[in-house]
There are 2 protein chains.
Amino acid sequence: MAKVNTSKERLLESAKALMHSRGYADVGVQELCNHAGIKKGSFYHFFPSKQALTLTTLEEMEADLTQKLIIPAFAKDVPPLERLRRFFRLSHAFQTETKENQGCCVLGCPFGNLALELGSREPEIRQRIEQAFNRIIAVIRDTIQEAKETGDIPAFIDPDQTAQAVLSFQEGILMMAKTCNDTELLRGQEEIALRMCGVVS
Amino acid sequence: MAKVNTSKERLLESAKALMHSRGYADVGVQELCNHAGIKKGSFYHFFPSKQALTLTTLEEMEADLTQKLIIPAFAKDVPPLERLRRFFRLSHAFQTETKENQGCCVLGCPFGNLALELGSREPEIRQRIEQAFNRIIAVIRDTIQEAKETGDIPAFIDPDQTAQAVLSFQEGILMMAKTCNDTELLRGQEEIALRMCGVVS
DNA sequence: ATACTAGTTGACCAGTTGGTAAAATGTCAA
DNA sequence: TTGACATTTTACCAACTGGTCAACTAGTAT
């Protein structure tokens, strides 16, 4: 016990990286095992199926996202509108960083990618991603609500519908950046997102 | 010649339907052939590979989209803002219709789905989808430009950037609808899209 | 020492994958 | 009728898929 880097941990790390960059179907159990340096028998000691591994991987991905993006972006050290801006700017930064580090394509959002690949055929995975989205939407909704109270966002804005729209827009531009393989499309989109919230720049 | 329903046509129809609902990897060549009522040998008589079939399928999909959505939505019989509204309302209608007809999940945008599934591993397919997106963006841009001239959209709006954003938003809400398996999320989003364009409703 | 357990291993499985090759059949013009 | 060409069919391939299983190893508590 108390090993620094257990097989299970390495397996989850491999799954996060490989599935983010290449999706679900294109990454086989064997490849996952090779990447993690374990044998296939061990895989099925830790997870009953590839789908189960994916569900756990999604939890890890959500924890990472919360730590690296949600908490920093929505920290209350700046006014609400600035938090929304940071949400978009940080996403842009991560996409650019990932593209350059991995030396490959724009990878986009791991949740969005898997949602569209598996949404119509893996209901459990679909639900987990829906859950992750809903948690982000809740944070955005609270931020919009706060901005309404400070008068930064006009009263007629519906926080729930708008929060949903803001995340949709974020996912949409990430899809566009991936499709065009160009992170520059992400630059400056925060001002348009604020316009969705009724902010007349 | 002049057969009413050639093998190649049936194959493309099958590919459109199956790949839209289940994606690329989950639909095999054999299943495609069964669905179209042909044998696998015939498949490779018409297309050198599954990837080639997909490229042609994307062209068909774009033609369909243009006929069923772009041309009706952006017809010049109504003012520009109303055209943008129709673009969103028609998309909503198609998603609802498809879900009920097929009796299954929300399918989302065929281009968006394939873009995220294959974007990082099939450059040619990625490019074709990028092309399709760009053609739609061009139509939206022209519409925004026209609305600026009629004064419906304020002068400070950048037509190129905003058109890109509007399509991204459309793709984003389609992703969201698919993830939540609920077409109701698509309702009323046209007003938020107009807010992106600087329209103060 | 013993027994229990978590972890690891390699051999194996049936089914499927995209793709090939050649023979058979159908179609049409000269 | 013939020859040329498009189409269809059947049989086949190596590679790979997710998953199983029994045997083995090592640490740990009794």
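A note on names: the letters A, B, ... follow the listed sequences, proteins ahead of strands, and every chain is numbered from 1.
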[N] [atom2] sits how many Å from [X] [atom1], rounded?
X      : N      : atom1 : atom2 : value
B:L53  : C:dG19 : CG    : P     : 10 Å
A:F47  : D:dG18 : CZ    : P     : 15 Å
B:N34  : C:dG18 : CG    : P     : 12 Å
B:E31  : C:dG15 : CD    : P     : 18 Å
B:D26  : C:dT16 : CG    : C1'   : 12 Å
A:Q51  : D:dT17 : CD    : P     : 19 Å
A:R10  : C:dG7  : CZ    : C1'   : 12 Å
A:L118 : D:dG18 : CG    : P     : 13 Å

Compare side-chain N and O positions of [X] against OP1 and OP2 of [N] and report whether any pair is under 4.0 Å apart.
X     : N      : answer
B:S7  : D:dT8  : yes
A:K39 : C:dG10 : yes
B:Y44 : C:dT20 : no
B:H45 : D:dT7  : yes

Minimum heavy-atom distance between B:E184 and B:H92, given as atom pair plus value: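 Taking every non-hydrogen atom into account, OE2-NE2, 4.4 Å.
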
Does [X] reach a base, just sugar-phosphate, or nothing at all? Heavy atoms under 4.0 Å.
X     : value
B:K50 : sugar-phosphate
A:G28 : sugar-phosphate
B:F46 : sugar-phosphate

5' priority, DNA chain D, between A:F43 and B:G37 [closest heavy atom]: B:G37

Check: A:Q170/A:S91 side-chain N/O donor and acceptor closer than 3.5 Å: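 There is such a pair (donor and acceptor under 3.5 Å, judged by atom type) between the side chains of A:Q170 and A:S91.
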
Base of D:dG19 paired with side chain of A:K40 (donor-acceptor, under 3.5 Å): yes

From C:dT9, D:dT8, C:dG18, nucleotide with atom closest to A:S42 side chain: C:dT9

Geometric cation-pi criterion, B:K8 with B:F47: 6.0 Å, 45°: yes

B:F156 six-ring face occupied by B:K148 cation (under 6.0 Å, within 45°):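 Pair B:K148/B:F156 does not count as cation-pi.
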
Aromatic plane relationship, A:F74 with A:F87 - under 30° parallel, 30 to 60° tilted, over 60° perpendicular: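 Ring orientation, 0 to 90° scale: tilted.
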
